[in-house]
Amino acid sequence: MSERDRPLHARIRMEIEARIRDGRLGPGTRVPTEAELGREFGVSRITVQRALRDLAEAGLVVRYRGRGTFVAQTASEENLLRFTGLLTPGPEKHGDHRVVSVEVLPAGRAALRLPGLDDDEAVVQLERHKLGDDGVEVLNTELAVLPFRYAPDLPDRPLESLITHVYLRERGVALRRSRLYVEPHALTEEQAALFGLPAGAPVFRWLRVTWAAGDEPVEVMEAILPATTERFYVETNLA
């Protein structure tokens, strides 16, 4: 679904959510009034109310009769469907990356295996660390492997803010489906040093596999995320 085809209330909700995620609207901050949002987006009060209701149901804001709407003080939330990148638009997780390495190598030597690829087929392997707002704290590690024939210029791109699904679409790859596995993982000593946690600490391991037309795999990505105060949920628009 294009942005133009998305319902107005959904567009408003996404914009306010983006402001909450990137810190423009911090915890406890008063959200603009219904009248102010209506003028900003050029929509009716009913449309604004629906957007705010959706945000409240997602736990991102709290509404008080007679006082207004405020950003929730609760733990941040991330839509797992956003990480799959197909059903919900926007970056997998907000923030820039520190590029650890990018290299072209045979699929058989890659740290992750793309299903169905021969061992001698060339792939691009990209390792990055997702950083917090301070540009220092490591929020999660990312490791992605893509067939070289689909990503020949990937090493030459600005990788600090690159989103792999967006990159593939820009190259004309018709993405068809994406599957996300969420499983427990024990930190290695190297990973533990990155997060300031003890080795063996339980964390999440996300593994995303993406296929293009003809059920051809075009990316496998692994993310290691500490089990902090963040909550994850699944939500998609059924309208």
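We number each residue from 1, following the sequence as shown.
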Colleague: Just so I know, are the side chains of T141 and V100 near enough to count as touching, which here means a heavy-atom distance under 4.5 Å?
Modeller: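 Side chain of T141 against side chain of V100, heavy atoms only: no contact under 4.5 Å found.
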Colleague: Output, in order, the C-alpha distance, side-chain angles, deciding distance and verdict of salt bridge (Lys or Arg N to Asp or Glu O under 4.0 Å) for E170 and R157.
Modeller: CA-CA 12 Å; E170 289 176 347; R157 294 293 189 98; 3.8 Å; yes
Colleague: Are L60 and E17 side-chain neighbours, meaning at least one heavy-atom pair lies under 4.5 Å?
Modeller: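 Heavy-atom side-chain distance check passes, below 4.5 Å.
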Colleague: Show your reasoning for whether salt bridge (Lys or Arg N to Asp or Glu O under 4.0 Å) applies to E15 and R11.
Modeller: CA-CA 6 Å; E15 172 58 28; R11 280 190 260 171; over 6 Å; no
Colleague: May I ask you to test the V31-L37 pair for a side-chain heavy-atom distance under 4.5 Å?
Modeller: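 Yes, side chains in contact.
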Colleague: As a quick check of understanding, evaluate side-chain contact (heavy atoms from CB on, under 4.5 Å) for T69 and L55, giving each step before the final call.
Modeller: CA-CA 10 Å; T69 302; L55 288 165; over 6 Å; no
Colleague: Please check: side-chain N/O of R171 versus main-chain N/O of Y150, any donor-acceptor pairing under 3.5 Å?
Modeller: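 Indeed, once roles are kept as given, a pair shorter than 3.5 Å links the two residues.
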Colleague: Could you tell me whether the side chain of F41 reaches within less than 4.5 Å of the side chain of V48, counting heavy atoms only?
Modeller: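 Not in contact.
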Colleague: Run the numbers on L126 and L146 for side-chain contact (heavy atoms from CB on, under 4.5 Å), then give the verdict.
Modeller: CA-CA 9 Å; L126 171 62; L146 302 85; 5.5 Å; no
Colleague: Quick one, S178 and H165 - any side-chain contact, counting heavy atoms below 4.5 Å?
Modeller: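 Yes, their side chains come closer than 4.5 Å.
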Colleague: Report yes if the side chains of D215 and R177 come closer than 4.5 Å at any heavy-atom pair, otherwise no.
Modeller: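 A side-chain contact under 4.5 Å exists here.
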Colleague: So, R128 side chain and L159 main chain: donor-acceptor pair closer than 3.5 Å or not?
Modeller: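 Flag set: sc R128 to bb L159 pair under 3.5 Å.
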Colleague: Which heavy atom of P226 sits nearest a heavy atom of F195, and at what distance?
Modeller: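 Taking every non-hydrogen atom into account, CG-CD2, 3.5 Å.
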Colleague: Any Lys/Arg nitrogen of R208 or E142 sitting under 4.0 Å from an Asp/Glu carboxylate oxygen of the other?
Modeller: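 A salt bridge is absent here (no side-chain N lies under 4.0 Å from a carboxylate O).
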Colleague: Without hydrogens or angle criteria, can the side chains of H185 and R205 be said to hold a donor-acceptor pair below 3.5 Å?
Modeller: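 Note: H185 and R205 side chains miss the donor-acceptor criterion.
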Colleague: Is the shortest side-chain heavy-atom distance between V203 and N140 below 4.5 Å?
Modeller: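 Heavy-atom side-chain distance check fails, nothing below 4.5 Å.
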Colleague: Is a side-chain donor or acceptor of Q125 paired with a backbone partner of L105 at a separation under 3.5 angstrom?
Modeller: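 No; zero donor-acceptor contacts below 3.5 Å.
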Colleague: What's the shortest heavy-atom distance between L194 and V138, and which atoms?
Modeller: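 Looks like O-CB, 4.1 Å.
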Colleague: Test R113 against D119 for side-chain contact (heavy atoms from CB on, under 4.5 Å), laying out the working first.
Modeller: CA-CA 9 Å; R113 294 303 306 268; D119 285 351; 2.7 Å; yes
Colleague: For side-chain contact (heavy atoms from CB on, under 4.5 Å), just list the numbers for W211 and R179, CA-CA rounded to whole Å, side-chain angles, deciding distance to a tenth of an Å, and then say yes or no.
Modeller: CA-CA 9 Å; W211 291 265; R179 180 178 298 167; 3.8 Å; yes
Colleague: Taking the side chain as every heavy atom from C-beta outward, state whether P184 and P202 have any atom pair closer than 4.5 Å.
Modeller: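 P184 vs P202: side chains apart.
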Colleague: Is it the case that over 12 heavy atoms from other parts of the model lie below 6.0 angstrom from the CZ atom of R30?
Modeller: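 Enclosed: over 12 neighbouring heavy atoms sit under 6.0 Å from CZ of R30.
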Colleague: Looking only at heavy atoms, which two atoms of E36 and P32 are closest? And how far apart?
Modeller: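 For E36 versus P32, the nearest heavy atoms are OE1-CA, 3.2 Å.
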